[in-house]
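Data first, discussion second: the structure below is written as structure tokens.
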Amino acid sequence: MMKYWRASGIIFGVINVVVFLIGCENQAEPILVSPDHKLTVQLFNTKSNLQFSFMHDTDTIFSSSFIGLELGEIDLTKNVHIGEVDYKSYDSTWSTINGKQPTVKNNYNEYTCKVASNTNNNVGYNIQFRMYNDGFAFRYQFPKILGDSVTIQQELTKLNITQDYTYWAYNGERHNLGPVSSTEGSHEKVRIPMVIKTNTGKYIAALEGAIVNTAPISFNTSNDNGVLSINNKPVRVTSGFETSWRTFIIGDKAGDLVSSDLLVNLNKPNKIEDSSWIKPGKALWDWRVWGYTTKDGFEYGGNTVSHKRMIDFASQNNIQYLLVDADWYGSEFSESSDPTTSKSDIDIEECIAYGKKNNVGIILYLNDVGAKTYGLENVIKQFAEWGAVGIKYSFMKGTPKQKVINTQKVVQLCAKYKMMVNFHDSPVAPSGDYRTWPNLMSKEYGHAQADAKRSYFPETAVNATLINMISGPLDLTNGYFDLNEAHKRDKVFQELPGTVVAEVAKLITVHTGWMVLPDSPEAYMAKEDLFNAIRQMPAQFNGFKVLDGEIDEYVSIARKAGENWFVGSLTNRESREINLPLDFLEEGEKYKATLYEDASDSHYLNNKESYTISATELTKESNLKIRMAPGGGHVLHLEKID
């Protein structure tokens with residue numbers, strides 16, 4: 001008999017199911033379904049080999065796929081049986097701190113399946129599935145282990161994708177991997193998120209949720225016949241251990257994957273009791289401005305005079321923070337550089353005090369070397385006592401597992417001292433963990449503009465939005481206005497391809513906790529009419545909708561700002577005209593629309609800074625066709641008319 005109870009607006013359903021004599025060889029064959037019954041996973045045994053299949057509507061996505069682990073030297077995909085299956089349904093809504101939407105619906109059916117060896121009843125584990133309407137996830141649980149521990153030697157899961165497919169994936173601080181055809185190319189280590197497009201047009205994101213105590217997984221596409229296997233590092237586990245969630249989000253469009261909240265829902269609720277101090281916002285950034293010389297002869301650098309000048313601009317232009325980057329306490333990679341002090345031409349305490357006086361919070365850079373040499377907690381405590389609001393943590397060293405554990409330590413210590421945090425320079429994969437620790441504002445999980453001493457081209461911005469952002473909020477440091485001359489500065493190493501309108505559009509398309517602006521106040525004021533779009537953006541958007549998009553080609557995303565909206569669109573190196581749907585607007589309401597557009601002759605290589613601004617009136621029913629120059633973009637600001 002199923003039992004239900006209600007608590008704090010959450011509805012649960014729990015049932016213990018023991019399935020007998022359903023399939024061949026008297027093995028259990030549980031059928032797992034999503035709340036809307038459109039997604040189905042079926043577990044079954046064939047000759048005592050544990051397998052599963054996955055269907056979306058009437059499409060079989062994975063067929064006869066092995067699932068399981070090798071524990072020590074025991075292969076637990078073979079000669080096993082499925083025992084008791086526990087079922088629970090869950091439906092709730094929770095409020096976000098720095099999410100794409102102000103609230104998130106969390107609705108799933110959960111099945112915990114007990115898997116045991118046929119030859120040794122003391123060997124086994126649980127596979128726990130969560131079935132959502134837009135995908136599913138599974139993880140392994142070890143409720144009881146004989147002896148002190150056991151080693152997960154390798155994961156033996158092999159996903160048999162029934163159709164030919166094309167895939168893309170995260171590729172570090174470079175343009176994303178792909179498109180790669182499953183019939184023509186293969187890779188032994190595809191990093192997450194991986195996006196698959198089947199030949200029937202389905203999109204699937206393969207990634208990982210709640211990475212807290214193991215190295216991130218990757219995928220191997222080098223097997224025959226489109227089989228996708230999971231790679232993992234060996235790990236020693238004890239009773240009570242749970243792996244991360246192997247996660248698969250599915251949609252009919254690429255934008256469906258980015259819109260999904262499945263990944264963040266796999267993480268535990270917010271552990272910070274008082275989150276009032278966690279405030280997303282826009283931040284000026286000193287690092288890429290070094291060497292910029294103004295018309296009055298002032299040259300920006302890493303010094304307090306420059307910082308005060310930037311604080312003044314921030315306080316006057318709806319910018320909440322200043323990010324003081326590397327070398328403020330000495331050479332960032334030197335063990336003699338003490339982050340609890342500042343070097344001679346920077347008075348960091350004066351900078352923070354001046355920021356407070358002008359309602360601008362200061363974010364401080366921290367290199368892994370300084371944190372480890374002078375004590376992580378000691379450094380964070382000192383930053384907090386000075387009055388800094390957060391840190392940018394960079395160049396973390398260690399094995400992948402060590403980096404995962406150390407990242408958790410940094411985030412939790414920052415929470416202890418009421419500090420927000422952003423990770424740069426090959427951070428561990430985002431995995432929805434900003435739900436549990438909402439002071440985790442973003443990660444540089446992609447090719448940040450002008451970083452890695454190379455520039456990216458327009459298609460990379462499109463790809464990052466539709467691939468990298470599936471995993472969580474990103475810091476890609478977009479928003480350059482001085483595109484023609486920026487590469488002459490100390491910390492901008494290559495010429496920047498793109499248009500200035502696309503730079504503004506990127507600030508809309510990329511979800512982040514901190515919108516880091518890389519240019520100088522003077523560069524922004526030289527195009528003040530265009531900068532006004534940034535000035536009017538809120539510290540935090542309160543809505544997110546992918547209007548249209550194709551990986552490698554273009555994307556349009558709408559972000560809500562109170563009762564108003566901003567829409568950002570990007571194209572690859574090709575010029576493009578698209579019809580922009582406005583069905584997200586309120587019925588019967590009129591909106592003043594300000595259009596920031598590429599000029600007729602704009603180009604991402606040779607005419608980057610030309611733009612036009614116009615105004616019109618639009619409604620939900622309006623037909624709006626927009627044009628983007630080669631490598632360009634489009635920005636639409638919609639203000640409700642009272």
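The shown structure was predicted, so the numbers you read here are calculated from the model rather than taken from an experiment. Residue indices begin at 1 and follow the sequence shown.
Proximity of a side-chain donor or acceptor of W277 to a complementary backbone N or O of D274 within less than 3.5 Å is detected. Judged by distance alone, the side chain of S431 and the main-chain N or O of I211 form a donor-acceptor pair under 3.5 Å. With hydrogens and angles ignored, the 3.5 Å screen pairs no side-chain donor or acceptor of H307 with any backbone N or O of I348. A side-chain donor-acceptor contact under 3.5 Å links N267 to the backbone of L263. No donor-acceptor pair closer than 3.5 Å links the side chain of T460 to the backbone N or O of Y456. Looking only at distances, no side-chain donor or acceptor of T103 sits under 3.5 Å from a matching main-chain atom of S95. Panel note: side chain R454, backbone H447; no donor-acceptor pair is recorded below 3.5 Å. A distance-only check finds a donor-acceptor pair linking the side chain of S342 to the backbone of I346 [under 3.5 Å]. Put simply, the side chain of T512 gets close to the backbone of L474: a donor and an acceptor are under 3.5 Å apart. Counting only distance, with no hydrogens or angles, the side chain of Y292 and the backbone of G301 share no donor-acceptor pair below 3.5 Å.
Contacts classified as salt bridge (Lys or Arg N to Asp or Glu O under 4.0 Å) and involving residues 408-417 (residues at least two apart or in different chains) are given here: E377-K416. Pairs of residues two or more places apart, or lying in two chains, that qualify as salt bridge (Lys or Arg N to Asp or Glu O under 4.0 Å) and include a residue from residues 500-516 are E503-K506. Among residues at least two apart or in separate chains, salt bridge (Lys or Arg N to Asp or Glu O under 4.0 Å) pairs with a member in residues 342-363 are K308-E350. Under the salt bridge (Lys or Arg N to Asp or Glu O under 4.0 Å) criterion, the residue pairs touching residues 459-486 are E459-R573, D482-R489, E485-K488, with sequence neighbours excluded.
Cation-pi geometry between R559 and F544 is not satisfied (NZ or CZ under 6.0 Å from the ring centre, within 45° of the ring normal). With a 6.0 Å cutoff to the six-membered ring centre and a 45° limit on the axis angle, K453 counts as a cation-pi contact of F493.
Between the side chains of Y393 and N422, no donor-acceptor pair of N or O atoms lies under 3.5 Å. No hydrogens or angles considered: a donor-acceptor pair under 3.5 Å links the side chains of N270 and S275. No donor-acceptor contact under 3.5 angstrom links the side chains of D433 and T436, judged on distance only. In summary, the side chains of N318 and Q320 do present a donor paired with an acceptor at a separation below 3.5 Å, with no hydrogens or angles considered.
Evaluation of the side chain to side chain contact (heavy atoms under 4.5 Å, CB included) rule for F333 yields N367, F395 as partners, not counting sequence neighbours. Residues meeting the side chain to side chain donor-acceptor pair (under 3.5 Å) test with Y354, sequence neighbours left out: D312. Under the salt bridge (charged side-chain N to carboxylate O under 4.0 Å, His left out) criterion, E528 pairs with R535, sequence neighbours left out. Shown here are the salt bridge (charged side-chain N to carboxylate O under 4.0 Å, His left out) partners of E639, two or more places apart in sequence or in another chain: there are none. Taking E495 as the reference, H487, K608 meet the side chain to side chain contact (heavy atoms under 4.5 Å, CB included) condition, with sequence neighbours excluded. Applying the salt bridge (charged side-chain N to carboxylate O under 4.0 Å, His left out) rule to E385 yields the partners K381; only residues at least two apart in sequence or on another chain are considered. With sequence neighbours excluded, the residues forming a side chain to side chain contact (heavy atoms under 4.5 Å, CB included) with S614 are L595, E597, listed by chain and number.
Atoms OG1 and CG, from T509 and L570 in turn, are 4.5 Å apart once rounded to the nearest 0.5 Å. The distance from atom OG of S556 to atom CD1 of I508, rounded to the nearest 0.5 Å, is 10.5 Å. Here N98 contributes atom CG and Q540 contributes atom CD; the two are 6.5 Å apart, rounded to the nearest 0.5 Å. Going from atom CG of L364 over to atom CD1 of I391 covers 9.0 Å, rounded to the nearest 0.5 Å. Between L618 atom CG and I641 atom CD1 the span is 9.0 Å, to the nearest 0.5 Å. One finds the CH2 atom of W328 at 8.0 Å from the CG atom of L366 (value rounded to the nearest 0.5 Å).
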Which donor-acceptor pairs under 3.5 Å do side chains of residues 462-469 form with protein atoms, sequence neighbours excluded?
{"residue": "N463", "atom": "OD1", "partner": "D552", "partner atom": "N", "Å": "3.2"}
{"residue": "N463", "atom": "ND2", "partner": "H175", "partner atom": "NE2", "Å": "3.1"}
{"residue": "N463", "atom": "ND2", "partner": "D552", "partner atom": "OD1", "Å": "3.1"}
{"residue": "T465", "atom": "OG1", "partner": "A461", "partner atom": "O", "Å": "3.0"}
{"residue": "N468", "atom": "OD1", "partner": "N176", "partner atom": "ND2", "Å": "2.7"}
{"residue": "N468", "atom": "ND2", "partner": "Y445", "partner atom": "O", "Å": "2.9"}

Do E609 and K527 pass the salt bridge (Lys or Arg N to Asp or Glu O under 4.0 Å) test, and can you show the C-alpha distance, the side-chain angles, and the key distance before you say yes or no?
CA-CA 9 Å; E609 296 187 17; K527 302 178 181 66; 2.8 Å; yes
Could you walk me through whether D548 and Y554 pass side-chain hydrogen bond (donor to acceptor under 3.5 Å, both in side chains), step by step?
CA-CA 8 Å; D548 201 0; Y554 70 98; 3.0 Å; yes
Evaluation steps, side chain to side chain contact (heavy atoms under 4.5 Å, CB included), between W290 and V492
CA-CA 9 Å; W290 288 14; V492 182; over 6 Å; no
Derivation of the side-chain hydrogen bond (donor to acceptor under 3.5 Å, both in side chains) call for S610 and N607
CA-CA 6 Å; S610 296; N607 190 13; 2.8 Å; yes
Can you check side chain to side chain contact (heavy atoms under 4.5 Å, CB included) on I557 and V567, steps first, answer last?
CA-CA 6 Å; I557 290 179; V567 180; over 6 Å; no
When you look at Y611 and D529, which way does the side chain to side chain contact (heavy atoms under 4.5 Å, CB included) test go after all the steps?
CA-CA 10 Å; Y611 61 94; D529 54 351; 2.6 Å; yes
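The residues R309 and E522 are annotated as salt-bridged, a charged nitrogen and a carboxylate oxygen being separated by less than 4.0 angstrom. For the pair R627 and E577, the salt-bridge criterion is not met [side-chain N within less than 4.0 Å of a carboxylate O]. With respect to R288 and D451, a salt bridge is recorded, a charged nitrogen being found less than 4.0 Å from a carboxylate O.
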